[in-house]
Amino acid sequence: MKFRKETNINGTEGSESGDSEAKSAMLSKSGNGKKLTPVRIAITVLLVIIALLAAKRILFSKEKIEIDPLSTVSVGHAEKGDVSVDTSLIGTVMPGDVYYVMPKASGEITEIFVSVGDTVNEGDPICTIDNSKAVDAAKIQLDQANVQLQTTSDAVALAKTNLDRMSALLQTGDISRQSYEQTKNGYDQASAAYDAAKLQKEGAELQYNTQVEFSTVTAPVTGTVESSNMSINGLAAAGSQVCVISSEGENKIQFNVTDRLLASFKPGTPVTVKKQGSEYAANVTSVSTLPSAGTGLYQIEAAFSKHNDIPNGSSIKLEFVEEEHKGVITVDTNAIAYDGGKTYVYTLSYNDEDAELAEGSTIAEGNRAGTVHKTEVETGLSNSELTEIVSGIDADSLIIITWTSQLYEGAQVQVLPEA
């Protein structure tokens, strides 16, 4: 750019100030001599901080890679064993053998000797019944039978005396054979009447004793009084229930199953009774072959020893083996993995002890390095603890039983010592 000198009015040349202003304008346009404003200072500081953080991150990441340990896993061996599937049901505790106590005579209840919950022995009195009218009537018949027996007994004695006398006369020829035979017939008839009177007396005596016995109702078996319908001065009818006694020693459990489970039960099938943290053994005693008309379920009964802490009528939990496979290859159920609709286990092979680890990898002292293999398997019966392996691995295969996100084919891991 060219500059020219200007002449003022007075004809003198312009001062050099014009040149200075032009130079300043040129410097401004060329970018030289910029002023450091506060905004520019802040931007500069921010860029420096970002640069420092990036450098620190790079250094930190490098340091972490250098000390990164391998993922730690636990292993266990596949084993031959048994796998079963248990099913739980709800049952009701019932008395084992139940006896319904019924009096054999009618009358007013005058005494009661037991209450619900009492333990009784066979033959212990339950209650007394006022059947005095029946007892009195039986006593009269017994007295009459005794009189009749005594009368016939006297008749036999007299007939025997006559027969002995006629026998002596027959031997001396003082009487005929016919007279003797008539006397003997009389004796035989008296003896027959005596025998009949004796039987009648025995019958009357039995009837009397029975009525006396019927006045006291006794326990037919040793057990526990489960219920009672008795009250003082209440009436008891012959053949009507006054109480219920359950036999001692055995209880039973009643429960219902569907037709799908029915085939799992037969007499002798073991079941486990669980109540308040305790377990008891029981065995099936009967299996209904016809379903209930109301529920469509099949009733099953199982017997088990009586326990005082399990009252009759209480609900209990039952467990039984629905299905069981024996002598199969099993693994810990926690070791089973699923991916894409297929089933896998992660097996492991130990690395050679002199093999080098990947750069930056470490293992803890006492652990061993190993390589992960993702192995597809076919499973069978399974429960919460064990799963049957039908194919894919052999017995004694080394199975990873702990989960980590670093499990994949070919992954390097460190293995805790086997238990």
Exercise. Taking side chain as C-beta onward, heavy atoms only, is I126 less than 4.5 Å from I109?
Worked result: no
* To do: Look only at the side chain of S153 and the backbone of L149, and say whether a donor-acceptor pair between them is shorter than 3.5 Å.
  => no
Between V225 and S115 the two heavy atoms that sit nearest each other are CB-O, 3.5 Å
Could you check whether any side-chain N or O of K201 sits under 3.5 Å from a backbone N or O of V147, counting only pairs where one atom can act as donor and the other as acceptor?
no
Atom pairs and distances, side-chain donor-acceptor, residues 252-261, under 3.5 Å, sequence neighbours left out:
residue : atom : partner : partner atom : Å
Q254    : NE2  : E301    : OE2          : 3.0
R260    : NH1  : E322    : OE2          : 2.6

Taken to the nearest 0.5 Å, the spacing of T218 OG1 from E213 CD works out to 7.0 Å
Does the side-chain contact (heavy atoms from CB on, under 4.5 Å) test come out yes or no for I245 and C243, once each step is laid out? CA-CA 7 Å; I245 297 177; C243 71; 4.3 Å; yes
| task | Please determine, by modelled atom types, if S246 and T224 share a side-chain donor-acceptor pair under 3.5 angstrom. | result | no
Residue pairs meeting salt bridge (Lys or Arg N to Asp or Glu O under 4.0 Å), one or both in residues 139-150, sequence neighbours left out, come to K139-D143
Under 3.5 Å, is there a donor on one side chain and an acceptor on the other for N383 and S84? no
Open item on the list: A quick test of your reading: do over 12 heavy atoms of other residues, nucleotides or ligands sit less than 6.0 Å from NZ of K184?
Closed with: no
Passes ring pair (Phe, Tyr, Trp, His ring centres under 6.0 Å), F320 versus F265? Steps please. CA-CA 9 Å; F320 72 98; F265 296 96; 4.4 Å; yes
CG (N334) and CG (L386) are apart, to the nearest 0.5 Å, by 10.0 Å
One should read off an interatomic distance between S397 OG and L348 CG, to the nearest 0.5 angstrom, of 11.5 Å
**Report entry** Intermediate values then yes/no, side-chain contact (heavy atoms from CB on, under 4.5 Å), I400 and V75
**Finding:** CA-CA 4 Å; I400 297 175; V75 295; 4.1 Å; yes
In short, salt bridge (Lys or Arg N to Asp or Glu O under 4.0 Å) pairs touching residues 160-170 with sequence neighbours left out are K160-D164
Q) Taking S74 for the side chain and T402 for the main chain, is one N or O donor matched with an acceptor at less than 3.5 Å? A) no
From the list T387, V331, V390, T343, side chain to side chain contact (heavy atoms under 4.5 Å, CB included) with V377 holds only for T343
*asked:* Is it the case that the side chain of T128 and the backbone of S215 share a donor-acceptor pair, with hydrogens and angles ignored and the cut-off at 3.5 Å?
replied: no
Shortest non-hydrogen pair, A145 vs A204, comes out as CB-CB, 4.0 Å
Heavy-atom nearest pair, S179 first then I175, reads CB-CB, 4.4 Å
| Between I336 and V345, is any pair of side-chain heavy atoms under 4.5 Å apart? | yes
Separation between OG1 (T379) and CD1 (I329), nearest 0.5 Å, reads 13.0 Å
Nearest heavy-atom approach of S382 to V85 is O-CG2, 3.6 Å
Review point. Is a donor on one side and an acceptor on the other found under 3.5 Å between the side chain of Q299 and the backbone of S288?
Key: no
>> Test your reading of the model: is there a side-chain donor-acceptor pair from S167 to the backbone of L163, 3.5 Å cut-off?
In response: no
Stepwise side-chain contact (heavy atoms from CB on, under 4.5 Å) test for E226 and V98
CA-CA 9 Å; E226 301 291 345; V98 177; over 6 Å; no
_Is it the case that the side chain of N131 and the backbone of Q211 share a donor-acceptor pair, with hydrogens and angles ignored and the cut-off at 3.5 Å?_
yes
Is there a side-chain contact between K80 and T330 in this structure, where contact means two heavy atoms from C-beta onward sitting under 4.5 Å apart? no
In this structure, CG of D130 is separated from CD of E108 (nearest 0.5 Å) by 6.0 Å
**Report entry** K198/T152 under side-chain contact (heavy atoms from CB on, under 4.5 Å): CA gap, chis, key distance, verdict
**Finding:** CA-CA 9 Å; K198 185 178 180 180; T152 55; over 6 Å; no
Are any of the side-chain heavy atoms of T347 and L398 separated by less than 4.5 Å?
no
* **Residue pair Q150 / D154, side-chain donor-acceptor N/O under 3.5 Å** => yes
Taking the side chain from Q414 and the backbone from A364, do they hold a donor-acceptor pair closer than 3.5 Å? yes
Query raised in the report: Heavy atoms, side chains only, cut-off 4.5 Å: are Y280 and I310 in contact?
Result: yes
Practice item. For the residue pair V135 and F214, establish whether any side-chain heavy-atom pair is separated by less than 4.5 Å. Key: no
Test side chain to side chain contact (heavy atoms under 4.5 Å, CB included), reference I300, set V284, T269, L318, T285, output is V284
What one should report as the nearest heavy-atom pair of A190 and A159 is CB-CB, 4.0 Å
With a cut-off of 3.5 Å and sequence neighbours excluded, list every side-chain donor-acceptor pair involving residues 88-97.
none

Residue pairs passing the salt bridge (Lys or Arg N to Asp or Glu O under 4.0 Å) test with at least one member in residues 370-396, sequence neighbours excluded, are D339-K374
One should read off an interatomic distance between R368 CZ and E353 CD, to the nearest 0.5 angstrom, of 5.5 Å
> Below 4.5 Å, heavy atoms only, C-beta onward: do V73 and L407 meet side chain to side chain?
Replying inline: yes
How about L297 and P291: do any of their side-chain heavy atoms sit closer than 4.5 Å? no
So the salt bridge (Lys or Arg N to Asp or Glu O under 4.0 Å) pairs with at least one residue in residues 262-274 (sequence neighbours excluded) are K274-E279, K274-E319
Between V217 and P103, the two heavy atoms sitting closest are CG2-CB, 3.8 Å
